[in-house]
Amino acid sequence: MTDTRNFFTDCIMTWDRVKNSRAMPWKGEKDPYRIWLSEIILQQTRVEQGWPYYERFIAAYPTVTHLAAATDEEVFRLWQGLGYYARCKNMLAAARTIAGTHKGRFPQTYEGIAALKGVGAYTAAAIASFAFNLPHAVLDGNVYRVLARYFGIDTPTDTTAGKKLFTQLAGEVLHLRQPGIYNQAIMDFGAVVCKPQQPLCQGCPLAARCQAFQQGLTDLVPVKSKKLVIRKRYFNYLLLRKKGLLFIRKRTEKDIWENLHEFVLIETPAPAADEIVLQSPLFQRLMGRHAYKITAPAVEIKQQLTHQTIHARFLQLSVPAAFNMPEGYLQVTEEQLKNYAFPKIIVDYLQR
DNA sequence: AAAGCGGGGTT
DNA sequence: AACCCAGCTTT
């Protein structure tokens with residue numbers, strides 16, 4: 001067994017040295033701030049998608065002190081389009097903790113790093129190993145897959161038992177002298193060779209001892225227990241325009257797109273025609289006795305999220321000068337929209 | 001332990 | 001349409 005584990009580690013290190021040509025701007029980086037930033041951006045995000053965001057963030061905020069000093073709105077705007085916006089909120093909190101409590105000096109221990117908002121076991125191990133060469137094994141989607149296949153493990157990865165088992169195993173195959181290089185290597189290997197679909201088993205250096213390959217199970221591991229449930233939602237957005245000004249608000253509910261902005265939203269349980277939306281109690285209460293006029297035909301846009309399908313319908317209305325919006329809404333010009341972060345579906349609508 | 005959170009690429 | 005991505009926090 002030890003032999004099998006050593007073979008695994010050696011193969012990964014050799015593959016990295018000889019075959020790995022995956023270049024990334026944060027690779028070999030030693031500045032913990034830059035490593036941390038890249039890791040937050042890359043959580044559940046493909047390297048290709050996160051790359052340009054990383055470049056823009058580094059350009060805008062060269063140090064953690066710069067990031068900590070920025071306004072929430074500015075940072076969210078830079079994060080716009082990347083998704084999982086809680087990452088942005090936690091990143092800002094962590095930056096301010098480092099700049100304040102830690103006086104601008106990045107924590108140097110695994111525990112100190114892991115205590116930061118938005119930093120879990122994976123991210124802490126990544127930063128600790130890349131920046132400080134500490135022997136902590138990363139366990140991300142790539143590592144789960146490579147280990148599950150090589151060792152032929154069918155324990156679901158999204159369970160407590162699975163996490164415990166894979167965490168243990170990941171630690172056992174970690175290269176203790178070069179944990180940073182090894183961690184990079186196994187993730188690259190998972191992304192380039194041991195891919196989720198159609199892995200490159202022909203010519204894979206692990207193939208001779210890979211349990212999944214030997215048993216023809218590469219398509220069956222890793223195993224996940226939960227199956228995704230996708231719900232449909234119908235968002236009716238009203239662009240209320242008063243003397244050229246638009247009403248927007250920040251989403252504060254525990255829901256998708258928290259901390260992003262939107263127009264007046266009437267959510268309905270099913271697709272709704274103009275009249276249905278305009279006769280809804282919510283809209284009626286909003287308008288009171290004020291008159292209004294539809295100024296543009298409705299535009300429909302669909303967006304597929306991981307757990308929800310959003311059917312959005314945008315309707316433009318003009319309202320009289322005497323109309324006043326309730327608390328929480330901002331009045332902005334179209335020009336000022338660029339100062340706020342919006343969900344992609346709204347960006348798409350505005351750019352259509 | 002389970003639920004919830006974006007947007008995009010691949011097949 | 002299904003699955004996955006350098007996962008984490010909240011319930």
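Everything numeric here is computed off the predicted structure, so don't read it as measured data. In what follows, chains carry the letters A, B, and so on, assigned in the order in which the sequence lines appear, proteins first and then strands, with residues in each chain numbered from 1.
Comparing C/dT10, C/dG7, B/dA2 by their nearest atom to the side chain of A/K117 picks out C/dT10. The side chain of A/T306 approaches B/dG6 more closely than any other nucleotide in the set C/dT9, B/dG6, B/dG9. Minimum atom distance to the side chain of A/H307 is reached by B/dC5, of the listed C/dC5, B/dG6, B/dC5.
Rounded to whole Å, atom P of C/dC8 lies 10 Å from atom OH of A/Y144. Across the protein-nucleic acid pair, A/L78 atom CG and B/dG7 atom P stand 16 Å apart, rounded to whole Å. One can place CD of A/Q43 at 17 Å from C1' of B/dG8, the figure rounded to the nearest angstrom. Distance, A/R231 CZ to B/dA3 C1': 11 Å, rounded to whole Å. A/D348 has its CG atom 11 Å from the C1' atom of B/dG7, to the nearest Å.
Side-chain atoms of A/E39 and A/Q43 form no donor-acceptor pair, as typed in the model, at a separation below 3.5 Å.
Of the residues near DNA chain B, A/D158 and A/L260, the one whose nearest nucleotide (by heavy atom distance) lies more toward the 5' end is A/D158. Between A/Q197 and A/Q304, the one whose closest nucleotide on DNA chain B sits nearer the 5' end is A/Q304. Position along DNA chain C of the nearest nucleotide to A/K254 versus A/M24 favours A/M24 as the more 5'-ward residue.
Aromatic pair A/H175/A/Y182: centroids not less than 6.0 angstrom apart.
Separation of atoms CG (A/L139) and CD1 (A/I186) is listed at 9.0 Å; rounding is to 0.5 Å.
Here A/W257 reaches the OP1 or OP2 of B/dG7: one of its side-chain N or O atoms lies under 4.0 Å away. Taking side-chain N and O atoms only, A/R87 has no distance below 4.0 Å to OP1 or OP2 of C/dT9. Look at A/Y53 and you won't find any side-chain N or O under 4.0 angstrom from OP1 or OP2 of B/dG7. Within the structure, every side-chain polar atom (N or O) of A/Q44 is placed at least 4.0 Å from both OP1 and OP2 of C/dC5. Contact between the side-chain N/O atoms of A/Q308 and the OP1/OP2 oxygens of B/dC5 is found at a separation under 4.0 Å. In this model, the phosphate group of C/dA6 is not approached by any side-chain N or O of A/K27 to a distance below 4.0 Å at OP1 or OP2.
In this structure, A/Y237 and A/F314 have parallel ring planes: the angle between them is below the 30° cut-off, well short of the 60° mark.
Residue A/V119 is in sugar-phosphate contact alone, with no base atom involved, counting any heavy-atom pair closer than 4.0 Å across all strands shown.
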